[in-house]
Amino acid sequence: MKVLVTGGAGYIGSHFVKMLIDNGHQPLVIDNLSRGHKEAVPQNVLFEDVDILDTEALSYTIRTYLPDAVVHFAAYAYVGESVEHPGIYYQNNVVGSLNLIRLCAENGVKNFIFSSTCSIYGNPTQVPISEDQPSNPINPYASTKLIIEMMLKDFETANGMKHVALRYFNAAGADPSGAIGESHNPEPHLIPIILKTALGERKKVSVFGNDYNTEDGTCIRDYIHVNDLADAHLKAINYLDNGNESAIINLGTGKGNSVLDIIEKAKTITNKEIPFEIVERRTGDPAVLVADNKKAKELLNWIPKYSIEEIIQTAWNWHQNPKY
Ligand code: UDP
């Protein structure tokens, strides 16, 4: 299948591209490389340095490649940054996605897979979180993702382009090959920060609050391996290709780990000291985010395979020997 992948040089996108190739598909990656890494895209993969804000280049790419499906990862994805600079989030995520969705819908693309997020739920009223819980974004990043989900619905009504919006919980881990992994600058995510501390690249981990209503007082998150996420995208393409309806689907393991749990497990896996200190809560962090993943199992026949230990282990392999 010909699959256009936006943001294919980014963390989750590059793992998906590798999976596409391993399964005999033909990806065309577009990425403006503002946050992605060219090295994350294998040399034999078609690559265009195209920005989704550049409608002319985007239109040309879609009209000439005529993809069977489009998988849209390209986005800014730092919550804190989105609060400080909402403009670049609305510009890049909302306007960029509008360009892409409109051009795809108008050029006859049939199936569109979108990277959404569990942060759309805001502070959830019930955990585990199912897709029918109300969306209530509490930061601009989450708002942009919700707006894009709404656009997809409207363009389906107008043009018939089907979509699956995949609401990720906490993406983590790296491909077991060691060829690709997570590399953000700055790095805001817990597991890389812990592993960089184990490597001595950072002095200590700041644990954001230990007075939450959880067993050890620290936040609980549902960490999901990046290859399990990638696998769900492949299944989502097949799901639409088989004539099924558009859907919004959570992607998480259904299990939660606290910040202190992760530090403890990382200590065992790395066999290193991981100094930490408790600091103030980070604004906008809900106490517990854990997925109800029944819908993904039912509709996509998707079952996450990686344990939390394997997530940390594969991330550790990568961080000891990052390629970019
Ligand atoms: N966290 C932390 N210290 C850090 C980074 C993250 O205590 O330096 C906590 C954060 O409060 C959250 C969890 O780790 O409860 C996961 O945060 P991350 O930024 O990795 O992902 P998010 O949940 O924000 O998508």
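Counting starts at 1 for both ligands and their atoms, in listed order. Both backbone and side-chain heavy atoms feed into the values below; hydrogens, waters and symmetry mates do not.
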Run the salt-bridge test on [X] and [Y] with the 4.0 Å N-O cut-off and return the result as yes or no.
{"X": "Lys265", "Y": "Asp261", "answer": "no"}
{"X": "Glu106", "Y": "Arg102", "answer": "yes"}
{"X": "Arg35", "Y": "Glu81", "answer": "yes"}
{"X": "Asp231", "Y": "Lys305", "answer": "yes"}

Taking the side chain as every heavy atom from C-beta outward, state whether Val29 and Leu46 have any pair of such atoms under 4.5 Å apart.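 The answer is no, as the side chains (C-beta and beyond) never meet within the 4.5 Å cut-off.
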Beyond-backbone contact of Arg167 with Thr117, side-chain heavy atoms, under 4.5 angstrom: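 Side-chain contact under 4.5 Å: no.
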Can you see whether Tyr141 engages Ser119 through a side-chain donor-acceptor pair at a distance of less than 3.5 angstrom?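 Side chains of Tyr141 and Ser119: no pair found under 3.5 Å.
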Within the 4.0 Å heavy-atom shell around Pro188, which atoms of ligand 1 are there?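 Atoms satisfying the 4.0 Å criterion: 5 (C), 19 (O).
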Crowded around Glu277 CD? As in, over 12 foreign heavy atoms under 6.0 Å?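 Enclosed.
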What protein heavy atom sits nearest [atom], and how far away is it?
{"atom": "atom 9 (C) of ligand 1", "value": "Val259 CG2, 3.8 Å"}
{"atom": "atom 3 (N) of ligand 1", "value": "Ser206 O, 2.7 Å"}
{"atom": "atom 11 (O) of ligand 1", "value": "Asp285 OD2, 2.6 Å"}
{"atom": "atom 13 (C) of ligand 1", "value": "Tyr223 OH, 3.7 Å"}
{"atom": "atom 2 (C) of ligand 1", "value": "Phe208 CD1, 3.3 Å"}
{"atom": "atom 15 (O) of ligand 1", "value": "Cys219 CB, 3.0 Å"}

Contact between Val207 and ligand 1, counting heavy atoms under 4.0 Å?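 Within the 4.0 Å threshold, so yes.
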Heavy atom of Phe276, distance to ligand 1 below 4.0 Å: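 False for this residue.
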Consider every N or O of [X] and every N or O of ligand 1, then say whether any pair is closer than 3.5 Å.
{"X": "Ile193", "value": "no"}
{"X": "Leu190", "value": "yes"}
{"X": "Val205", "value": "no"}

Take Thr6 and Leu100 through the test side chain to side chain contact (heavy atoms under 4.5 Å, CB included) and record every step on the way to the result. CA-CA 9 Å; Thr6 76; Leu100 178 71; 3.7 Å; yes
For ligand 1, note which part of Ser119 has a heavy atom under 4.0 Å away: side chain, backbone, both or neither.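 Looking at Ser119 and ligand 1, no heavy atom falls under 4.0 Å.
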For ligand 1, indicate whether the residue Asn170 contacts it via side chain, backbone, both or neither (heavy-atom separation under 4.0 Å).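 Looking at Asn170 and ligand 1, just side chain atoms fall under 4.0 Å.
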Name the option, out of Lys204, Glu187, Arg281, Arg282, that contains the heavy atom nearest to atom 24 (O) of ligand 1.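 Nearest option to atom 24 (O) of ligand 1, by heavy atoms: Arg282.
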Within 45° of the axis and under 6.0 Å from the centre of the six-membered ring of Phe112, does NZ or CZ of Lys162 qualify?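 Pair Lys162/Phe112 does not count as cation-pi.
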